[in-house]
Q: 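Just passing along the structure, written as structure tokens.
Start at 1 and go down the list; that is how both ligands and their atoms are numbered. All of these numbers come straight from a predicted model, not from anything done at the bench.
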Amino acid sequence: MDRKGLFVIKQRDLFLFDKGVLKMIIDELTSKNGHLMIDGVDSVELVKEYGTPLYVFDISKVRNQIKKFRSAFEKEHLNYQISYASKAFAVKAIYQVMKQENVHVDVVSGGELYTALAAGFPSDKISFHGNNKSLMELQMAVKNHVGVIMLDNFHEIELLQQVLKESQETIQVMLRLTPGISAHTHKYDQTGQTDSKFGFDVKSGQAKKALKLVLDNPQMKLLGYHAHIGSQIFGTEGFKMLAQKMIEISKDFQSEFNYWPQVINLGGGFGISYNEDDDPITASDFISVIGQELKQDCKEVPEIWIEPGRSIVGPAGYTLYKIGSRKDIPGLESYVSVDGGMGDNIRPALYQAKYEAVVANKMNQTDVETVHISGKYCESGDILIKHQKLPQTEVGDVLAVLDTGAYGYSMAMNYNRNPRPAVVFVEKGQAKLVVKRETYEDLIKLDGNY
Ligand code: LLP
């Protein structure tokens, strides 16, 4: 069986199929001429048309993941809402996909809010997050009647009070709590522990004080509580503890304030598999754990909201590069360079994230060597993948890095004045350019003379 084919379709999605069916699916995905196919579209043809580096999103995968979340909730008979955490990938076209899928989105800045609104995304399905929303951002949110403002701190409560007073509007809010739970993930991806910049701390009484302020303000309609413990989490344990903690907090606050939340939002953070070592939980694993906790502990089960970002768009994304120079060092692994790198994917340099890649025009060739895939940026740390097994490569081959859909384009930058890549969506054999490649002109558009 072809190892590359397996990586591309991700064996974990297919463990239910027998080998015969699996082989058929692999043949389908890797066309006869050995090209990587992405939802029926030849990746090598995409490169010819749109150039490299190029982000490609398999939109069928995005829709399927949303379906998986939906059916997991429905299996547990829970009232729910899926809110796509758009920081993972925030361009107009993805907000339009979310609108078609009838999910909510959450935004964390005026810029994300602006993009969602420009895409025609309904404002009442937008939740506005952030630990330092400005007066201008809150005014923008209120003026556009966003669905919920996720209150994060006392300064924000004051600012929002001011905005509501001036505009004479009312708005739904939720309180972001810091429940005191550490997720087992990279330290930059932890948010639920007490020592965090996000949310109202429960232990020290901040959360109670915030609750009182909100309940006393008739222009703020409290929908419930929110907590997010971190990102790229693999086990169910953290979510189980979080569900228990949120119920405990709700009961405690109910006895004092006679308030029971209509919604409990448990954030996002569901891990995905970037490489063979990653073993993520499925949507139904954690939703059933959450469901059990709530059903056994609550008389009146609140609506459960989740905010997945990575798990919705991550596995759907591919970054296509052209292979250029190569450096062979006697006795050491060679460096094979591509025409992108940390500017389009900062995650390996920032979090030591591990990806896997395939040679998109040589899917039917076997691996012959192990190399480092390096980027073109002037940083020694600009290594996209260490120890990648590859077939024999040549200048001009197309390298596809897998699972790059989350926090790739959204964290892209112009270091070394490299333009940001284009983005193409593919679905059922059709491709559409949804974000143009930046040009050199674009790079100097904001520059003035001196
Ligand atoms: N909700 C809240 C309040 C969040 O802060 C986040 C992520 C999410 C939901 C979505 O988490 P996800 O399902 O995508 O894991 N740049 C980092 C990830 C930062 C995540 C920040 N917050 C990375 O590339 O790993």
Side-chain angles (χ1 to χ4, degrees), residues 62 65-66 68-69 81-90 94 98 103-109 112 126-133 148-153 156 174-179 181 183-193 196-200 224-235 238-239 242 246 263-275 278 280-283 286-287 304-317 319 342 344-355 384 401 403-413:
V62 170
Q65 185 56 43
I66 293 172
K68 282 186 196 160
F69 280 122
Q81 198 52 256
I82 299 160
S83 183
Y84 165 61
S86 68
K87 73 201 80 180
F89 176 52
I94 198 73
M98 296 306 151
V103 291
H104 286 208
V105 301
D106 63 69
V107 299
V108 290
S109 68
E112 285 184 357
I126 299 178
S127 302
F128 195 6
H129 268 289
N131 68 302
N132 191 21
K133 301 177 192 82
V148 191
I149 294 188
M150 300 291 185
L151 291 174
D152 184 277
N153 54 74
E156 185 182 341
M174 293 186 75
L175 285 181
R176 178 165 180 169
L177 308 178
T178 317
I181 293 170
H184 295 285
T185 183
H186 192 284
K187 65 175 186 303
Y188 290 0
D189 273 339
Q190 293 177 338
T191 51
Q193 70 284 8
S196 156
K197 73 168 181 170
F198 297 105
F200 295 101
Y225 306 125
H226 170 281
H228 168 78
I229 52 173
S231 196
Q232 187 58 353
I233 299 168
F234 285 157
F239 292 106
L242 177 61
M246 293 299 266
V263 173
I264 286 187
N265 186 326
L266 297 174
F270 320 112
I272 65 167
S273 164
Y274 284 105
N275 60 69
D278 292 341
I281 46 172
T282 65
F286 76 86
I287 289 169
I304 298 303
W305 289 18
I306 55 166
E307 298 172 332
R310 187 191 314 269
S311 50
I312 290 186
V313 290
T319 313
M342 65 194 295
D344 56 78
N345 188 356
I346 188 72
R347 300 193 70 259
L350 195 56
Y351 315 114
Q352 300 76 50
K354 292 186 180 132
Y355 287 83
L384 284 173
V401 178
D403 302 298
T404 56
Y407 305 106
Y409 188 78
S410 63
M411 295 174 83
M413 57 168 166

Q: Backbone, side chain, both or neither: what part of P308 comes under 4.0 angstrom of ligand 1, heavy atoms only?
A: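 Answer for P308: backbone.
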Q: Under 4.0 Å from any heavy atom of G309, which atoms of ligand 1 are there?
A: 12 (P), 13 (O), 14 (O)
Q: Below 3.5 Å, N or O to N or O, backbone or side chain included: is there any such pair between K87 and ligand 1?
A: yes
Q: With heavy-atom distances below 4.5 Å as the criterion, would you say the side chains of S231 and R310 are in contact?
A: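 Yes, at least one pair of side-chain atoms sits under 4.5 Å.
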Q: For the residue pair W305 and H104, categorise the inter-ring angle as parallel (less than 30°), tilted (30 to 60°) or perpendicular (more than 60°).
A: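 Perpendicular.
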Q: May I ask you to identify, for H228, whether its side chain, its backbone, both or neither come under 4.0 Å of ligand 1 on a heavy-atom basis?
A: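 Only the side chain of H228 comes within reach of ligand 1.
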Q: Give the C-alpha distance, both sets of side-chain angles, the deciding distance and a yes or no for side-chain contact (heavy atoms from CB on, under 4.5 Å) between N265 and H228.
A: CA-CA 8 Å; N265 186 326; H228 168 78; over 6 Å; no
Q: Flag E307 as yes when one of its N or O atoms lies below 3.5 Å from any N or O atom of ligand 1, and as no otherwise.
A: yes
Q: Return yes when A88 approaches ligand 1 closer than 4.0 angstrom through a heavy atom, no otherwise.
A: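 Judged by the 4.0 Å heavy-atom criterion, A88 does not count as contacting ligand 1.
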Q: Of the non-hydrogen atoms in D106 and S83, which two are nearest, and what is the gap between them?
A: N-OG, 3.4 Å
Q: Could you grab the distance from atom CG of D152 to atom CG of L177, nearest 0.5 Å is fine?
A: 10.5 Å
Q: If you measure every N or O of Y407 against every N or O of ligand 1, does any of those distances drop under 3.5 Å?
A: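 Yes.
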Q: For ligand 1, which atoms, with element, lie under 4.0 Å from some heavy atom of M411?
A: 16 (N)
Q: Any donor-acceptor pair under 3.5 Å linking the side-chain atoms of R347 with those of Y355?
A: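 Note: Y355 and R347 side chains meet the donor-acceptor criterion.
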Q: Can an N or O of G267 be found at a distance shorter than 3.5 Å from an N or O of ligand 1?
A: no
Q: Backbone or side chain, does any N or O of S231 fall under 3.5 Å from an N or O of ligand 1?
A: yes
Q: Have a look at ligand 1 and work out which part of M150, if any, has a heavy atom under 4.0 Å from it: side chain, backbone, both or neither.
A: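 Neither; no heavy atom under 4.0 Å.
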Q: Quick one: does ligand 1 sit under 4.0 Å from the side chain of F198, the backbone, both or neither, non-hydrogen atoms only?
A: neither
Q: Evaluate the side-chain proximity of L175 to M150: yes if any heavy-atom separation is below 4.5 Å, no if none is.
A: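 No, too far: nothing below the 4.5 Å cut-off.
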Q: Go through ligand 1 atom by atom and flag the ones less than 4.0 Å from a non-hydrogen atom of G269.
A: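 With G269 as reference, the close atoms of ligand 1 come out as 11 (O), 12 (P), 13 (O), 15 (O).
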Q: What orientation do F270 and F286 show, parallel under 30°, tilted 30 to 60°, or perpendicular over 60°?
A: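 F270 and F286: parallel rings.
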Q: Using a 4.0 Å cutoff against the non-hydrogen atoms of A85, which atoms of ligand 1 qualify?
A: 8 (C), 9 (C), 10 (C)
Q: Could you report the tightest heavy-atom contact between S109 and F128, atom names first, then the distance?
A: N-CE1, 3.4 Å
Q: For Y351, is at least one N or O under 3.5 Å away from an N or O on ligand 1?
A: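 Between Y351 and ligand 1, an N or O pair is found under 3.5 Å apart.
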Q: Say whether A406 and ligand 1 are in contact under the criterion: heavy-atom distance to a ligand atom below 4.0 Å.
A: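 Not so, A406 does not reach ligand 1.
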Q: Is the closest side-chain heavy-atom distance between D278 and I272 below 4.5 Å?
A: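 They are not in contact (no side-chain heavy atoms under 4.5 Å apart), so the answer is no.
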